[in-house]
Amino acid sequence: MRATHGIFAALSAGFSLSSAAACSKQGLLLVSSYPFESSPGEIVKGGVTTLKLGNKGLEQVGEISSICGTNPSWQTLVGGDQYYCINENFDDGPGAFTSAKVNTDGTLAFVGNSSTPGGPVHIALFGENGERAITSNFASSSLDVFNIEDSAKLQSLDNKPFPPRADSKTITSRPHQAVVDPTGGFVVIPDLSVDVLHIFNIDQTALTLTELPAHPFGNGTGPRHAAFLKSGDKTFLYVIAEKKVSVLGFEVSYGTNSLTLSEKFNIRTDGSENAPAEGSSGAEITISPNNRFLTVSTRNETTLEYTSVADGTKIPSDALNTFSIDPVTGELTHVQSAPAGGSFPRHFSFNKDGSLVAVACGGENRVNVFERDVVTGMIGKAVGERVLTTQVNHVIFKE
């Protein structure tokens, strides 16, 4: 299990904040978290917490839920109330893949679950109606395919293991995500340790996967997450490199049952020419709902400062870096480096119209919600914040 001291352990151990800033947006957020060692030997179990965003900022709804286990680290919401999550359970045996319903108040009602190989860290759905799910199993170097047509009976159909790196058998595969392309005919899996992008063809009738030649990266790149963009008659793929703290851009070409990538650029996550800070890493990458902007988060740089809307405390902050996307070339232009609201922003997400962004900062166990201009892509003032007693790692809107 992952039980971690946050940077602000005393703040996180049982003390919560909510913003007093008025917010015209209303809605719910679902936050997954790892266990947290609040004091030596005292571990608060992880789980899923529901937060309500309103005029009083962020308020917690009910108690933390253990439906997803005590090490959940990824959540997927379908159609407003169908919810899936994984229990990473990194070093304590098998993981778990769980289905639940989100009640109107944001609490979770268990539907079904299934075990997975150890250390699942991501869920991706595929099929015309989302009939299948892929779990990327970081700790066990594999992916699993599930039949989820009956959400009460999640059925494991296939397991595909990944070998160690060819030039060093001691470097174990660490798949960290699965991303389905815009055609629905392919899925790519960034492998953080082996430095490749595994590529599979999807048989859209049988809903099965066939492995294709992988796309290699330079040793030590650490591809973590990726995002596709269909723009006119072109398709682009953007990859965030955890270890190199960079964003790589590719143009996608299709053949008969094949997908190939042509690299267009490799830039720093902040768009600068500066070397990344020692110990820093790339984290999340997301394209805005209007497909005009790309935003990435970095961890352990803390070059910015965030002022708490609850008490005015100055907090060292990592960045959310936003780029505009040229719709013809796919090239990126740096727009803004905005405070994430704390350190180690492992994950962030936009609401449906892109006017809000929620951030999970694991360094302080803090969830932040910021306003965002959908026209300029600029992230603005904080409209809610909450410090939990567990180490937050993933946050999504429930609208």
Side-chain angles (χ1 to χ4, degrees), residues 73-74 121-124 136 138 173-181 187-199 214-229 235-252 261 263-277 279-288 291 293-304 318-325 330-338 340 343-350 357-362 377 379 393-395:
S73 61
W74 193 270
V121 293
H122 186 268
I123 304 164
S136 299
F138 184 84
S173 169
R174 297 298 189 197
H176 209 282
Q177 188 192 35
V179 189
V180 178
D181 85 311
V187 61
V188 300
I189 295 93
D191 194 316
L192 197 153
S193 182
V194 173
D195 293 314
V196 300
L197 198 67
H198 301 287
I199 304 173
H215 179 87
F217 295 87
N219 290 352
T221 298
R224 177 183 174 88
H225 284 184
F228 280 101
L229 174 65
T235 300
F236 303 108
L237 177 69
Y238 302 94
V239 178
I240 187 166
E242 176 174 321
K243 296 175 184 177
K244 289 294 187 182
V245 201
S246 65
V247 178
L248 297 92
F250 300 88
E251 187 165 344
V252 180
L261 302 173
E263 185 175 323
K264 295 177 67 67
F265 59 82
N266 184 346
I267 61 174
R268 281 272 287 115
T269 52
D270 64 359
S272 76
E273 299 294 329
N274 301 326
S280 63
S281 62
E284 191 55 273
I285 182 168
T286 300
I287 292 175
S288 63
N291 290 334
F293 300 94
L294 180 143
T295 300
V296 298
S297 64
T298 55
R299 298 177 291 184
N300 202 33
E301 284 189 323
T302 55
T303 55
L304 303 178
D318 287 321
L320 297 180
N321 297 298
T322 295
F323 299 81
S324 63
I325 304 172
E331 296 286 340
L332 302 180
T333 300
H334 183 254
V335 170
Q336 180 194 33
S337 292
S343 61
F344 288 83
R346 177 186 173 96
H347 181 260
F348 65 90
S349 65
F350 300 123
V357 56
V359 191
C361 290
I379 295 169
N393 54 43
H394 192 266
V395 55

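Quantities reported herein were computed from a predicted structural model and do not represent experimental measurements.
Considering CD of Glu242 and OG of Ser280, their distance stands at 10.5 Å, rounded to 0.5 Å. Atoms OG1 and CD1, on Thr322 and Ile379 in that order, are 4.0 Å from each other to the nearest 0.5 Å. A distance of 7.5 Å separates CG of Leu197 from CD1 of Ile189, quoted to the nearest 0.5 Å. In this structure, the separation between CG on Leu192 and OG on Ser136 is 11.5 Å, given to the nearest 0.5 Å. Note that the CG atom of Leu294 and the CG atom of Leu229 stand 9.0 Å from one another [nearest 0.5 Å]. A distance of 12.0 Å separates SG in Cys361 from CG in Asn393, rounded to the nearest 0.5 Å.
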Stepwise, does the side chain to side chain contact (heavy atoms under 4.5 Å, CB included) test hold for Ile267 with Phe323? CA-CA 11 Å; Ile267 61 174; Phe323 299 81; 3.8 Å; yes
With ring-ring contact (aromatic ring centres under 6.0 Å, His included) as the criterion, how do His122 and His176 come out once you've worked through the C-alpha distance, each side chain's angles and the decisive distance to 0.1 Å? CA-CA 7 Å; His122 186 268; His176 209 282; 8.3 Å; no
Between Asn266 and Ser246, is the side chain to side chain donor-acceptor pair (under 3.5 Å) condition met? List the steps. CA-CA 7 Å; Asn266 184 346; Ser246 65; 3.2 Å; yes
Begin from the C-alpha positions of Thr235 and Asp181 and carry the test side chain to side chain contact (heavy atoms under 4.5 Å, CB included) through to its verdict. CA-CA 9 Å; Thr235 300; Asp181 85 311; 5.9 Å; no
When you look at Ser281 and Arg224, which way does the side chain to side chain contact (heavy atoms under 4.5 Å, CB included) test go after all the steps? CA-CA 10 Å; Ser281 62; Arg224 177 183 174 88; over 6 Å; no
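Looking at Asp191, its side chain never comes within 3.5 Å of a backbone N or O of Ser173 through a donor-acceptor pair. Looking only at distances, a side-chain donor or acceptor of Ser349 sits under 3.5 Å from a matching main-chain atom of Val395. Side-chain atoms of Glu301 do not come within 3.5 Å of backbone N or O of Ala319 as any donor-acceptor pair. Between the Thr221 side chain and the Asp195 main chain, no donor and acceptor come within less than 3.5 Å of each other. The closest donor-acceptor contact from the side chain of Asp318 to the backbone of Phe344 lies under 3.5 Å. For the pair Gln177 (side chain) and Ala226 (backbone), a donor-acceptor distance under 3.5 Å is present. Checking side-chain atoms of Thr269 against main-chain N and O of Thr298 turns up no donor-acceptor pair under 3.5 Å.
For the residue pair Ser337 and Leu304, the shortest heavy atom distance occurs at O-CD1, 3.8 Å. Minimum interatomic distance between Ala360 and His394 (heavy atoms only, all atoms of both residues): CB-N, 3.8 Å. Residue Phe228 comes nearest to Val252 through the heavy atom pair CE2-CG2, 4.0 Å, listed as atom of the first residue, atom of the second, then distance. Of all the heavy atoms in Ile123 and Trp74, the pair that sits closest is N-CD1, 3.5 Å. Minimum interatomic distance between Gln336 and Gly377 (heavy atoms only, all atoms of both residues): OE1-O, 4.1 Å. Closest of all the heavy-atom pairs between Ser297 and Leu320 is CB-CD2, 3.7 Å.
Between Asn321 and His334 the shortest side-chain heavy-atom distance falls below 4.5 Å. Pro276 has its side chain within reach of Arg268: a pair of non-hydrogen atoms, C-beta onward, lies under 4.5 Å apart.
With sequence neighbours excluded, no residue forms a ring pair (Phe, Tyr, Trp, His ring centres under 6.0 Å) with Phe236.
Around the NZ atom of Lys243, the shell of radius 6.0 Å holds more than 12 heavy atoms that belong to other residues, nucleotides or ligands.
In this structure, Arg174 forms a cation-pi arrangement with Phe138, its terminal cationic atom sitting closer than 6.0 Å to the ring centre and no more than 45° off the ring axis.
Using cut-offs of 30° and 60° on the angle between ring planes, the pair Tyr238 and Phe265 is tilted.
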